[in-house]
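The next block holds one structure in the form of structure tokens; read it before the comments.
Side-chain atoms are counted along with the backbone in the values below, which use heavy atoms only and exclude waters and symmetry mates. We count ligands from 1, going down the list as the structure has it; atoms in each ligand are counted the same way. One-based numbering along the sequence shown.
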Amino acid sequence: MLVERMRPFTSTIFTEISRLAVETGAINLGQGFPDTDGPASLLADAAANITERGVNQYPPGPGMPSLRRAVADHQRRFYGLEVDPADVVVTTGATEAIASALLGLCEPGDEVVTFEPAYDSYAASVALAGATLKPVPLHPPRFGFDDDELAAAFSDRTKVVLVNTPHNPTGTVFTRAQLVRIGELAVAHDAVIVTDEVYEHMTFDDAEHVPMATLPGLAGRTLTISSAGKTFSVTGWKVGWIHGPPELVAAPRAVKQFLTFHGGAPLQPAVANALALGDDFYFSITTDLTRKRDLLSAGLRAAGFDVLTPRGTYFVVADPRPLGFDDGVDLAGKLPGLCGVAAVPVSVFCSSAAGVAATRPLVRFAFCKRDEVLTEAAERLAGLRG
Ligand code: PMP
Ligand code: GLN
């Protein structure tokens with residue numbers, strides 16, 4: 001009975017691999033979620049909102065004023081962006097922000113340019129909107145794009161270019177020059193830029209997160225998305241947001257009213273307070289994750305994988321061909337049984353045959369776990385060498 005356009009999307013890789021991990025008792029480095037909760041002040045604040053302050057009824061449709069103000073303050077503090085809190089819409093996670101933006105902006109037949117591999121909700125949301133996905137390959141091992149391939153993906157039907165930086169699943173952080181080029185093409189084709197920046201505080205080494213909306217001339221055509229789930233390690237809370245110029249943000253605001261109306265009332269003011277945490281908190285995200293990335297990467301290398309070192313996010317892509325595996329889907333299915341660690345294949349994040357072929361051997365591991373869990377995972381992976 002399911003409508004045709006949703007038939008390719010009946011299950012997600014995260015559901016499948018997490019179920020496999022539970023069944024086998026494997027360490028789950030597949031689905032990306034931390035195994036420690038966010039800042040204690042955030043958790044206590046949310047609990048008090050429920051039990052002491054009675055913040056338990058519907059929040060206003062566009063979100064609690066305190067959170068919309070806090071998002072605007074955060075954008076000024078970190079990026080120098082001037083955002084009117086009236087132009088911020090709080091959503092049920094970044095997932096609803098992405099879906100409501102695409103549903104609100106795309107007519108059936110419009111085209112959405114995005115990079116692949118891509119976070120799995122992109123293709124599904126484009127399909128829900130009845131639009132057509134135009135994937136641009138990111139080429140391993142560095143996951144850059146080819147300028148001709150990018151330019152060729154744009155047409156007079158392009159309505160949206162959907163950008164994700166830092167990028168899941170590859171760990172790429174687009175450079176300023178790459179983002180400027182994407183922006184030029186968006187301007188040339190009069191496309192809206194929808195930019196998913198949920199990993200904005202997770203960059204390593206010399207990588208710098210550049211929000212699309214900060215680039216000259218782009219703020220007026222850009223919708224920026226982020227979420228508390230990643231920054232504050234509360235992926236189950238599903239508190240996200242989207243902001244942009246009034247005429248653009250009106251689109252997701254209208255749609256989301258009829259997807260969820262709204263949720264997360266007691267969580268929203270707690271997230272508002274957490275967004276104002278001091279620089280030491282934000283600094284610790286990077287230092288902790290850099291250590292974890294290096295810990296897991298060393299374990300993967302010692303186990304025989306080639307590691308495609310990420311510059312952002314909490315994912316690392318590994319190439320198992322030196323170990324004799326050339327099919328990531330097959331390996332991800334076997335890995336829990338072989339060594340008690342779960343990972344996800346990268347090719348399932350691709351919708352074009354070329355993308356699937358280019359990423360076929362690769363698997364993605366999440367390193368947002370306690371150090372001792374990563375150490376244990378590394379020891380288990382070492383068993384793969386036999
Ligand atoms: N975009 C990307 C790139 C992600 O990795 C995630 C995390 N699953 C999301 C969006 C969804 O975020 P949320 O959990 O806030 O809906
Ligand atoms: N963002 C997480 C990941 O990419 C999990 C997403 C999900 O479970 N839908 O692993």
Side-chain angles (χ1 to χ4, degrees), residues 9-22 27-35 38 63 67 71 89-102 114-126 138 143 162-174 194-203 209 211-212 223-242 252 256 259-260 262-264 267-268 271 274-275 289 310 312-317 332 342-350 362-369:
F9 305 103
T10 50
S11 180
T12 87
I13 189 64
F14 304 115
T15 311
E16 287 172 30
I17 297 289
S18 287
R19 191 185 52 228
L20 190 62
V22 169
I27 298 176
N28 188 357
L29 305 186
Q31 191 178 26
F33 59 91
D35 61 356
L67 179 51
V71 169
V89 175
V90 180
T91 54
T92 305
T95 306
E96 190 193 42
I98 295 159
S100 57
L102 294 173
T114 198
F115 296 93
E116 74 169 17
Y119 180 55
D120 69 341
S121 88
Y122 295 5
S125 295
V126 169
L138 294 175
F143 294 113
L162 177 52
V163 181
N164 172 214
T165 186
H167 183 266
N168 178 13
T170 66
T172 285
V173 180
F174 286 122
V194 177
T195 175
D196 174 351
E197 302 182 359
V198 296
Y199 299 100
E200 60 187 319
H201 292 292
M202 299 172 182
T203 55
H209 169 60
M212 287 293 302
L223 285 170
T224 303
I225 293 170
S226 194
S227 163
K230 317 290 166 188
T231 301
F232 301 113
S233 298
V234 286
T235 59
W237 282 19
K238 285 284 175 178
V239 175
W241 48 87
I242 182 165
K256 76 133 351 255
L259 295 178
T260 55
H262 221 321
L267 311 178
Q268 291 190 33
V271 170
L275 280 167
L289 283 177
T313 76
Y314 43 51
F315 304 112
V316 56
V317 172
V344 291
V346 174
S347 63
V348 300
F349 296 91
C350 296
L362 307 178
V363 281
R364 188 200 78 177
F365 294 85
F367 53 82
C368 46
K369 305 291 175 183

Q31 and A366 have their tightest heavy-atom pair at O-CB, 4.3 Å

What protein heavy atom sits nearest atom 1 (N) of ligand 2, and how far off is it?
-> K230 NZ, 3.3 Å

Can you tell me which residue and heavy atom of the protein come closest to atom 10 (O) of ligand 2, and the distance to 0.1 Å?
-> R364 NH2, 2.6 Å

Do me a favour and list the nearest non-hydrogen protein atom to atom 8 (N) of ligand 1 with residue, atom name and distance?
-> Y119 OH, 2.8 Å

Is there a donor-acceptor pair closer than 3.5 Å between any side-chain N or O of E200 and the backbone N or O of S227?
-> no

Measure across D35 and K369 and return the closest heavy-atom pair with its distance rounded to 0.1 Å.
-> OD1-CA, 3.2 Å

If we number the atoms of ligand 2 from 1 as shown, the ones under 4.0 Å from a heavy atom of G32 are 2 (C), 3 (C), 10 (O)

How far is atom 4 (O) of ligand 2 from its nearest protein heavy atom, and which residue and atom is that?
-> N168 ND2, 2.8 Å

Does an N or O from T235, backbone or side chain, lie closer than 3.5 Å to an N or O of ligand 1?
-> no

If you scan protein heavy atoms around atom 8 (O) of ligand 2, the nearest is Q31 NE2, 2.6 Å

Pull out every atom of ligand 1 sitting under 4.0 Å from any heavy atom of N168, numbered as shown with elements.
-> 3 (C), 4 (C), 5 (O)

Nearest neighbour in protein (non-hydrogen) for atom 7 (C) of ligand 1 = K230 NZ, 2.4 Å

Starting from atom 9 (N) of ligand 2, which protein heavy atom do you reach first, and at what distance in Å?
-> Y119 OH, 3.3 Å

Nearest protein heavy atom to atom 14 (O) of ligand 1, by residue and atom, and its distance?
-> K238 NZ, 3.1 Å

Check whether any heavy atom of Y199 sits under 4.0 Å from an atom of ligand 1.
-> yes

Do me a favour and list the nearest non-hydrogen protein atom to atom 11 (C) of ligand 1 with residue, atom name and distance?
-> T95 OG1, 3.3 Å

Closest non-hydrogen atom pair, Y314 against P34 = OH-CD, 4.0 Å

Considering all heavy atoms, the nearest T224-E197 contact | CG2-OE1, 3.8 Å

Ligand 1 and A94, any nitrogen or oxygen pair closer than 3.5 angstrom?
-> yes

Under 3.5 Å, is there a donor-acceptor pair between the side chain of T195 and the main chain of M212?
-> no

Exercise: identify the closest heavy-atom pair between D196 and N164 | O-ND2, 2.9 Å

Test F349 against Y122 for ring pair (Phe, Tyr, Trp, His ring centres under 6.0 Å), laying out the working first.
-> CA-CA 9 Å; F349 296 91; Y122 295 5; over 10 Å; no

One finds that the ligand 1 atoms under 4.0 Å from a non-hydrogen atom of N164 are 3 (C)

Ring geometry between F174 and F115 (parallel below 30°, tilted from 30 to 60°, perpendicular above 60°) = tilted

Atom 15 (O) of ligand 1: nearest protein contact (heavy atom, Å) = S227 OG, 2.6 Å

Between K230 and F33, is NZ or CZ placed under 6.0 angstrom from the six-membered ring centre and within 45° of the ring axis?
-> no

Between CG on residue L275 and CZ on residue F232, distance to nearest 0.5 Å | 4.0 Å

Measuring from the heavy atoms of F33, does anything fall under 4.0 Å of ligand 2?
-> no

Per-atom filter on ligand 2: closer than 4.0 angstrom to a heavy atom of Y199 are 1 (N)

for atom 1 (N) of ligand 1, nearest protein heavy atom and its distance come out as D196 OD2, 2.5 Å

In this structure, CZ of R364 is separated from OG1 of T313 (nearest 0.5 Å) by 8.0 Å

Residue, atom name and distance, where the atom is the protein heavy atom closest to atom 7 (C) of ligand 2 | F14 CD1, 3.5 Å

Could you list which atoms of ligand 2 come closer than 4.0 Å to a heavy atom of F315?
-> 3 (C), 4 (O), 10 (O)

Do T203 side-chain atoms and H209 backbone N/O form a donor-acceptor pair below 3.5 Å?
-> no

